[in-house]
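Below: one structure, written as structure tokens.
For the numbers below, each heavy atom of this structure counts, side chains included, while hydrogens, waters and symmetry mates do not.
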Amino acid sequence: MSALPKGLALRALPALLTLVAMVIILIICGIIQPHIWSQSGLTLIMSPIVALAIGSMAQMVMMSIGDIDLSIGFFIGMITAMVASLLGETPIIGILALAGSVLAYAFLGALVQLRSVPSLIATLGASFIWLGVGLFLLPSPGGRVPNWLFNYIQWEPPLSIPAPIITMIIATAITWFVTKRTKVGVHFRSLGSNPVALERSGVSLLKTRMLAYATVGILGVLSGITLSAEIGGGDVNAVPGYTLTTITAVILGGGMFTGGRAVPWGTLVGAVTLGLLTVLLTFLNLSSNLQPAVQGLIVIAVLAGRLVVDRMVR
């Protein structure tokens with residue numbers, strides 16, 4: 001068997017298996033509640049998944065360079081606080097605050113690169129900063145989102161295509177283009193797989209890591225904005241569980257903890273599958289608190305299955 005089929009099998013199989021699981025979960029949800037097959041039904045169940053999907057893209061970029069972000073949940077929560085407290089009333093200050101958040105992520109990348117601080121420790125520490133800033137801006141859930149976000153929520157695209165699906169496809173397509181079709185994306189993956197060779201080729205590791213972290217920040221901002229639109233306000237504690245969920249989505253989509261691989265479409269499938277899993281648990285009248293346990297079992301099963309497939313292909 002040639003190297004190409006082996007590589008394709010190893011890259012595509014996890015996402016394909018996750019896609020099958022997603023379809024099965026969606027069918028079961030449709031059997032339990034047939035209304036979800038309508039445009040309004042699909043919009044209802046997909047709307048909460050948009051922020052998760054974009055947040056998972058952010059985690060995917062982080063994992064592609066060999067790092068893991070333990071702060072993405074509180075960062076997205078902080079962004080919702082900025083949107084609800086600043087963007088509507090003082091747009092210029094709100095935009096500056098969002099831009100500053102992206103710069104803060106870039107400087108976090110510089111800290112990791114220059115001081116050799118493990119990303120787990122750096123992002124864990126940053127999570128407390130995001131939490132503190134979010135609580136300072138919005139001590140309790142609430143606030144008001146801009147009118148254009150309300151218009152986005154109420155938007156009904158033609159051809160009966162749910163708006164959340166269009167948003168996720170566009171976000172994923174842009175992320176795919178950046179990570180797969182640009183020199184910057186190649187540098188991200190090289191930083192995760194072979195940083196020595198990347199440095200020998202004349203590329204700055206510091207600049208590459210800062211750009212990667214800035215990309216994570218941009219996607220985190222977009223995730224926070226869409227989440228603000230969904231909940232109609234801000235809440236820094238809205239999605240603390242996103243850390244585990246986004247990592248799970250990346251792994252389900254074919255990503256790796258060791259870096260060097262970016263799988264935007266697979267990550268989207270993983271995020272949607274996890275989002276639909278929550279819907280299914282709700283339809284079955286099971287506590288959503290079971291979701292972290294289910295996600296943990298899924299990650300273990302996927303990693304074990306990937307080892308089996310790797311041995312079979314080799």
*Could you pull out the closest heavy-atom pair between Leu198 and His187, with the gap in Å?*
CD2-O, 3.6 Å
*Verify side chain to side chain contact (heavy atoms under 4.5 Å, CB included) between Leu124 and Ser71, making sure each step is shown before the conclusion.*
CA-CA 6 Å; Leu124 179 62; Ser71 69; over 6 Å; no
*So, does Thr18 use its side chain to make a donor-acceptor pair with the main chain of Leu252 at under 3.5 Å?*
yes
*Co-membership, hydrophobic cluster, residues Leu103 and Leu137, 4.5 Å side-chain*: no
*If every non-hydrogen atom of Thr175 is compared with every non-hydrogen atom of Thr179, which pair is closest and at what distance?*
O-OG1, 2.8 Å
*Could you give me the CA-CA distance, side-chain angles and deciding distance for Arg181 and Trp176, then say whether side chain to side chain contact (heavy atoms under 4.5 Å, CB included) is met?*
CA-CA 7 Å; Arg181 291 293 182 265; Trp176 172 85; 3.8 Å; yes
_Minimum heavy-atom distance between Gly224 and Ile76, given as atom pair plus value_ = CA-CG2, 3.6 Å
_Note, Met46 side chain near Pro162 side chain (heavy atom, < 4.5 Å)_ = no
*Side-chain donor-acceptor pair present, Thr226, Tyr152, cut-off under 3.5 Å*: no
*Roughly how far apart are Asn194 CG and Ser201 OG, rounded to 0.5 Å?*
9.5 Å
_How about CD on Glu156, more than 12 heavy atoms from neighbouring residues, nucleotides or ligands closer than 6.0 Å, or not?_
no
*Does Ile251 reach the side chain of Met63, with side-chain heavy atoms less than 4.5 Å apart?*
yes
*Mind checking whether Val239 and Leu222 sit in one hydrophobic cluster, side chains of I, L, V, M, F, W, Y counted as touching below 4.5 Å?*
yes
*asked:* Walk me through whether Met82 and Val221 qualify under side chain to side chain contact (heavy atoms under 4.5 Å, CB included).
replied: CA-CA 10 Å; Met82 289 182 176; Val221 167; over 6 Å; no
*Any donor-acceptor pair under 3.5 Å from Lys180 side chain to Ala262 backbone*: yes
*Is there a path from Leu206 to Met62 through hydrophobic residues (I, L, V, M, F, W, Y) whose side chains come within less than 4.5 Å of each other?*
no
*asked:* If I take atom CG from residue Leu276 and atom CE from residue Met22, how far apart are they, to the nearest 0.5 angstrom?
replied: 7.0 Å
*Taking side chain as C-beta onward, heavy atoms only, is Met168 less than 4.5 Å from Leu268?*
yes
*Would you give the length of the straight line joining atom CE of Met57 to atom OG1 of Thr246, rounded to the nearest 0.5 angstrom?*
11.5 Å
*Distance in Å, Leu244 CG paired with Ile72 CD1, rounded so as to fall on 0.5 Å steps*: 14.0 Å
_Let me check something: do Ile153 and Ile225 share a hydrophobic cluster, defined by ILVMFWY side-chain heavy atoms less than 4.5 Å apart, either directly or through other members?_
yes
*Is there side-chain contact between Ile45 and Leu26, with at least one heavy-atom pair below 4.5 Å?*
yes
*What are the two closest non-hydrogen atoms of Ile166 and Trp155, and how far apart are they?*
CD1-CH2, 4.0 Å
*Taking side chain as C-beta onward, heavy atoms only, is Gln39 less than 4.5 Å from Pro157?*
yes
_Nearest heavy-atom neighbours spanning Ile65 and Phe188_ = CG2-O, 3.4 Å
*asked:* Would the distance check show the side chain of Ser223 and the main-chain N or O of Leu219 forming a donor-acceptor pair, the cut-off being under 3.5 Å?
replied: no
Using residues 84-100 as the side-chain source, report each donor-acceptor pair under 3.5 Å to any protein atom, sequence neighbours left out, with the distance given to one decimal.
from	atom 1	to	atom 2	distance (Å)
Ser85	OG	Ala81	O	2.5
Thr90	OG1	Leu86	O	3.1

*Can you find a heavy atom in the side chain of Ile231 that is under 4.5 Å from one in the side chain of Val145?*
no
_Reference residue Trp130; test ring-ring contact (aromatic ring centres under 6.0 Å, His included); the match among Phe74, Tyr105, Phe136_ = Tyr105
_Between Asp69 and Phe75, is the side chain to side chain contact (heavy atoms under 4.5 Å, CB included) condition met? List the steps._
CA-CA 10 Å; Asp69 189 355; Phe75 181 79; over 6 Å; no
*Answer yes if Val23 and Ile31 sit in the same cluster of Ile, Leu, Val, Met, Phe, Trp and Tyr residues linked by side chain heavy atoms under 4.5 Å apart, and no otherwise.*
yes
*asked:* Can you confirm whether Ile32 sits close enough to Ile28 that some side-chain heavy atom of one is under 4.5 Å from a side-chain heavy atom of the other?
replied: yes
*Is there side-chain contact between Ser64 and Met256, with at least one heavy-atom pair below 4.5 Å?*
no
*asked:* Can a side-chain donor-acceptor contact be found between Tyr213 and Asp67 if the only test is distance below 3.5 angstrom?
replied: yes
*Spatial distance of atom CG (Leu280) from atom CD1 (Ile27) [nearest 0.5 Å]*: 12.0 Å
Side chains of residues 106-120: which donor-acceptor partners sit under 3.5 Å, not counting sequence neighbours?
from	atom 1	to	atom 2	distance (Å)
Gln113	OE1	Arg209	NE	2.6
Gln113	OE1	Arg209	NH2	3.4
Ser119	OG	Ile68	N	3.2

*Gln59 CD to Thr243 OG1 distance, which is reported to the nearest 0.5 Å*: 7.0 Å
*What pair of heavy atoms forms the shortest contact from Asp235 to Thr80, and how long is it?*
N-OG1, 3.0 Å
